[in-house]
Amino acid sequence: MGPHPAVAAIRLAVRRVLTDILDDHGRAPGRAPHERPPSPLVLVACSGGADSMALASALAFEAPRLGVRAGGVTVDHGLQAGSDLRAAEVASRLRELGLDPVESAAVTVGRGGGPEAAARDARYAALDAAAERHGATAVLLGHTRDDQAETVLLGLARGSGIRSLSGMAAVSGADGRYRRPFLQLDRQTARKACMVQSLPVWDDPHNADPAYTRSRLRHEGLPALEKALGKGVVEALARTAQLSRDDADALDAWAGRAEAGVRDADGRLECAALHDLPPAVRRRVLRRAAIEAGAPAGSLFARHIEEVDRLITGWRGQGAINLPGRVVARRQGGRLVIRQG
């Protein structure tokens, strides 16, 4: 008799991602076609929750069958009493699954951008460092379809445009480091897989704390939407994410090609040429220019770009626009100048 359907589903999702990683690894630049690539190392980021424990167990099962080395990382955010002991327990569980190397990384969470964003930034910095330290090809993350739906709704609430509606990418980070095998699986499947395998899981109390926006959305917002609109809201939001990502990728590529045509011989942006671009493309060019000038991408919102855009489409002699990162945008002699002030 085969594995439980939930276990089979998570293993299949991980197997597909590992196969993709092996394909990418074999095509690494500088490697001769006949050269046998070394076995890649794949790490799983594990908090001890149901999603990441299900992911860790599936990685431990599938990796040796595909010739992949598998390890794990758990991040201690230090935000709760006893978090160091809990991280040590998670690391121990990962070793019991057969993962190696395994480490617990302690981080200091700052205050920038709010508690959720600060914790996320610290976590990804720790995962990047662990991947570099161990020479890992990829890091697997346990985000599910439910997480994707929440991300789309948060983007919608921010009003940040189609890119924010595209949610989380299945592959992201430098050189495609981060992989999310579970974006097509619901949270309940991961929890069921843990239960039938008798995997101990830890439910982070922050996930139920109404002080956090995502927690309120998870426990109040999405259930209210499903009550009003019926089942299927999560699946529809996940589909919206993929469709939005496809559209956003196409517009980003268009903006990349268009940018060269709106700069003069000195590389300055020409307002008349910008005006002739479709609004969605023009705003992408402006956003790219602001980021290149030093504006942090995570702090640059649609309202900022709209203000800069008015220097092109609604010019009335207005003054400079202040952007995050001490970047200033102003119109001078038919040119748009964006630089740190």
Applying the 4.5 Å side-chain criterion to the ILVMFWY set and letting contacts propagate, would [X] and [Y] be lumped into a single cluster?
X: V68; Y: I10; result: yes
X: L222; Y: V152; result: yes
X: V171; Y: L140; result: no
X: V17; Y: L66; result: yes
X: V285; Y: F301; result: no

Would you check if there is a donor-acceptor pair between the side chains of [Y] and [X] at a distance under 3.5 Å?
X: H4; Y: Q197; result: no
X: D76; Y: S83; result: yes
X: S244; Y: R163; result: no

Donor-acceptor under 3.5 Å ([X] side chain, [Y] main chain):
X: R284; Y: A280; value: yes
X: R245; Y: G167; value: yes
X: Q318; Y: R316; value: yes
X: S52; Y: S47; value: yes

| request: Start with the C-alpha distance between S172 and R180, add both sets of side-chain angles, then the distance that settles side-chain hydrogen bond (donor to acceptor under 3.5 Å, both in side chains), and finish with yes or no. | output: CA-CA 9 Å; S172 65; R180 297 176 174 87; 2.9 Å; yes
Should we count [atom1] of [X] as having more than 12 external heavy atoms under 6.0 Å?
X: W202; atom1: CH2; answer: yes
X: R216; atom1: CZ; answer: yes
X: Q184; atom1: CD; answer: no

| Between F61 and R65, is there a cation-pi geometry (under 6.0 Å to ring centre, at most 45° from the normal)? |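 That pair qualifies as a cation-pi contact.
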| task | Would you name the heavy atoms of P210 and S215 that are closest together and state the gap between them? | result |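 Scanning both residues completely, I find the closest heavy atoms to be N-OG, 4.1 Å.
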| field | Worked check of side-chain hydrogen bond (donor to acceptor under 3.5 Å, both in side chains) between T74 and R86 | value | CA-CA 10 Å; T74 185; R86 191 171 299 109; over 6 Å; no
| Going from CG on L237 to CG on L156, what distance comes out if it is rounded to the nearest 0.5 angstrom? |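 Interatomic distance, L237 CG to L156 CG, rounded to 0.5 Å: 8.5 Å.
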Is any side-chain N of the basic residue among [X] and [Y] closer than 4.0 Å to the acidic one's carboxylate O?
X: R177; Y: D175; result: no
X: R133; Y: E103; result: yes
X: R11; Y: E62; result: no
X: D24; Y: R179; result: yes
X: E259; Y: R263; result: yes
X: R339; Y: E292; result: no
X: D309; Y: R282; result: yes

| message | Going by side chain to side chain contact (heavy atoms under 4.5 Å, CB included), R191 matches just one of V201, L199, D186. Which one? | response |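 The passing option is V201.
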